[in-house]
Enquirer: 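Sharing a structure below in structure tokens format, with a few things to ask.
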2 protein chains.
Amino acid sequence: MAERISDAEHAVMEVLWRRAPLTAIEVSDALADERNWSLQTVKTLLGRLVAKNVVAHEADGRRYLYRPLVEREDYVAGESQRLVDRLFGGRVTPLVAHLAETQQLSDKDIAEIEALLKALKS
Amino acid sequence: MAERISDAEHAVMEVLWRRAPLTAIEVSDALADERNWSLQTVKTLLGRLVAKNVVAHEADGRRYLYRPLVEREDYVAGESQRLVDRLFGGRVTPLVAHLAETQQLSDKDIAEIEALLKALKS
DNA sequence: CTCGACTGACTACAGATGTAGTCATCATCT
DNA sequence: AGATGATGACTACATCTGTAGTCAGTCGAG
């Protein structure tokens with residue numbers, strides 16, 4: 001049932017995750033710098049997200065307030081999983097290895113991750 | 001210039017990355033279990049990949065041999081970067097943190113990553 | 001009450017994507 | 001030489017995506 005969220009839709013979701021509920025206008029304003037969309041475009045995207053059941057819209061007088069129905073956490077988890085599955089055979093270690101090699105990790109980054117791992121090793 | 005590769009196209013690329021050059025038929029056969037595509041479908045996807053300049057086709061008698069023009073490494077790097085940018089503000093550390101928490105990393109996994117990081121810390 | 005502003009609903013449309021059929025051509029078997 | 005099979009080229013078509021215009025209803029100002 002977890003409908004796929006397109007790129008443009010994702011931008012809208014990010015706004016709602018940051019602050020919700022919002023009206024269509026508010027969402028549009030929040031996107032003003034990033035994307036150069038007309039209000040109509042934002043409304044269409046909101047409509048599609050509602051149709052996909054990932055955003056709820058409740059009437060507030062004569063306009064709607066939109067709020068996300070899925071947690072950002074869940075979305076991020078899903079997308080990350082997709083990547084890991086598609087490109088790394090479902091294994092996280094190769095991904096981390098890849099990132100470690102490709103990206104310039106500062107010593108601070110490395111220390112941070114090491115600390116994190118240590119914490120996991122209960 | 002790096003045209004975007006769709007999901008279905010990616011499946012074809014994986015085959016070519018594993019072994020190349022291949023004919024359309026061979027690619028189709030290699031995909032037989034995973035996806036249930038007709039030969040025509042595979043040919044269309046190959047055609048699109050050629051159009052996108054990520055696959056080369058050279059004549060071999062009266063059929064074509066297809067070979068990838070982009071390295072898997074580069075594709076993986078690009079896609080990973082996209083994810084990191086879209087979901088983690090371009091920072092790798094939060095992604096690793098997320099993965100570490102979400103996935104069940106075995107002690108062996110953790111040890112592996114730790115070793116990797118240690119190697120990086122010149 | 002009437003008119004305009006605000007807002008959602010509906011419609012549009014080009015390009016991408018997933019999936020596949022049909023046509024033309026060349027090689028080969030008989 | 002004609003029939004048959006293999007193979008790429010071209011065409012098709014529904015759906016999804018990105019982007020946006022137009023219509024219609026309602027609330028507030030005059």
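A, B, ... follow the sequence lines: proteins, then strands. Residue 1 opens every chain. Atom set for the values below is all heavy atoms of this structure, side chains included, hydrogens, waters and symmetry mates excluded. This structure is a prediction, so every number in the text was calculated from the model and none was measured.
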Enquirer: Closer than 4.0 Å, any side-chain N/O of B:T44 to the OP1 or OP2 of C:dG18?
Expert: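 B:T44 to C:dG18 OP1/OP2: no side-chain N or O under 4.0 Å.
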Enquirer: Figure out the CG/P separation between A:L46 and D:dG18, and round it to whole Å.
Expert: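 In whole Å, D:dG18 P lies 14 Å from A:L46 CG.
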Enquirer: Does B:R72 reach the main-chain N or O of B:M13 with its side chain, forming a donor-acceptor pair under 3.5 Å?
Expert: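 Looks like no, no N/O pair under 3.5 Å.
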Enquirer: Can you tell me the distance, in whole Å, between the CG atom of B:D7 and the C1' atom of D:dT17?
Expert: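 About 15 Å, once rounded to whole Å.
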Enquirer: When you measure from the side chain of B:W37, which nucleotide among C:dT17, D:dG8, C:dA20 comes out closest?
Expert: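 Closest nucleotide to the B:W37 side chain: C:dA20.
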Enquirer: Please determine, for the side chain of A:T41, which listed nucleotide (D:dG18, D:dT19, D:dG5) has the closest atom?
Expert: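 Within the option list, the nearest is D:dT19.
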Enquirer: For B:R4 and C:dG18, what is the distance between atoms CZ and P respectively, to the nearest whole Å?
Expert: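 Roughly 11 Å, once rounded to whole Å.
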Enquirer: Considering only NZ, NE, NH1 and NH2 on the basic side and carboxylate oxygens on the acidic side, decide whether B:R63 and B:D60 come within less than 4.0 Å.
Expert: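 Judged by the 4.0 Å cut-off on N to carboxylate O distance, B:R63 and B:D60 do form a salt bridge.
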Enquirer: How many whole angstroms separate atom CG of B:L39 from atom C1' of D:dG8?
Expert: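 Rounded to whole Å, this separation is 10 Å.
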Enquirer: Just to be sure I understand the rule, does B:I25 reach a base, reach only the sugar-phosphate, or reach nothing, if contact means heavy atoms closer than 4.0 Å?
Expert: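 Answer is sugar-phosphate: B:I25 comes under 4.0 Å of backbone atoms only.
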Enquirer: Treating B:T44 as the side-chain partner and B:Q40 as the backbone partner, does any N or O pair qualify as donor plus acceptor under 3.5 Å?
Expert: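 Side chain of B:T44 to backbone of B:Q40: a pair is present.
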Enquirer: If you look at every strand shown and take non-hydrogen atoms under 4.0 Å, does B:R62 touch a base, only sugar-phosphate, or nothing?
Expert: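 The residue B:R62 makes base contact.
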Enquirer: At under 4.0 Å, does any side-chain N or O of B:K43 touch on OP1 or OP2 of D:dT11?
Expert: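 False: B:K43 side-chain N/O out of range (4.0 Å or more) of D:dT11 OP1/OP2.
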Enquirer: For A:E9 and for B:H57, find the nucleotide of DNA chain D with the closest heavy atom, then tell me which residue's nucleotide is more 5'.
Expert: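 Closest to the 5' end, via its nearest nucleotide, is B:H57.
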Enquirer: Any chance you could lay out the salt bridge (charged side-chain N to carboxylate O under 4.0 Å, His left out) test for B:E26 and B:R19, step after step, and finish with the verdict?
Expert: CA-CA 10 Å; B:E26 287 169 326; B:R19 203 158 41 84; 5.3 Å; no
Enquirer: D:dG18 base to A:R48 side chain: any donor-acceptor pair below 3.5 Å?
Expert: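 Checked by distance alone, the answer is yes.
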Enquirer: Checking all strands, does A:T23 fall into the base, sugar-phosphate, or nothing category for heavy-atom contacts under 4.0 angstrom?
Expert: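 No contact at all - A:T23 keeps every heavy atom at 4.0 Å or more from the nucleic acid.
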Enquirer: Spell out yes or no: do the side chain of B:S38 and the base of C:dA20 have one donor N/O and one acceptor N/O closer than 3.5 Å?
Expert: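 When only heavy-atom distances are counted, B:S38 does not reach the base of C:dA20 through any donor-acceptor pair under 3.5 Å.
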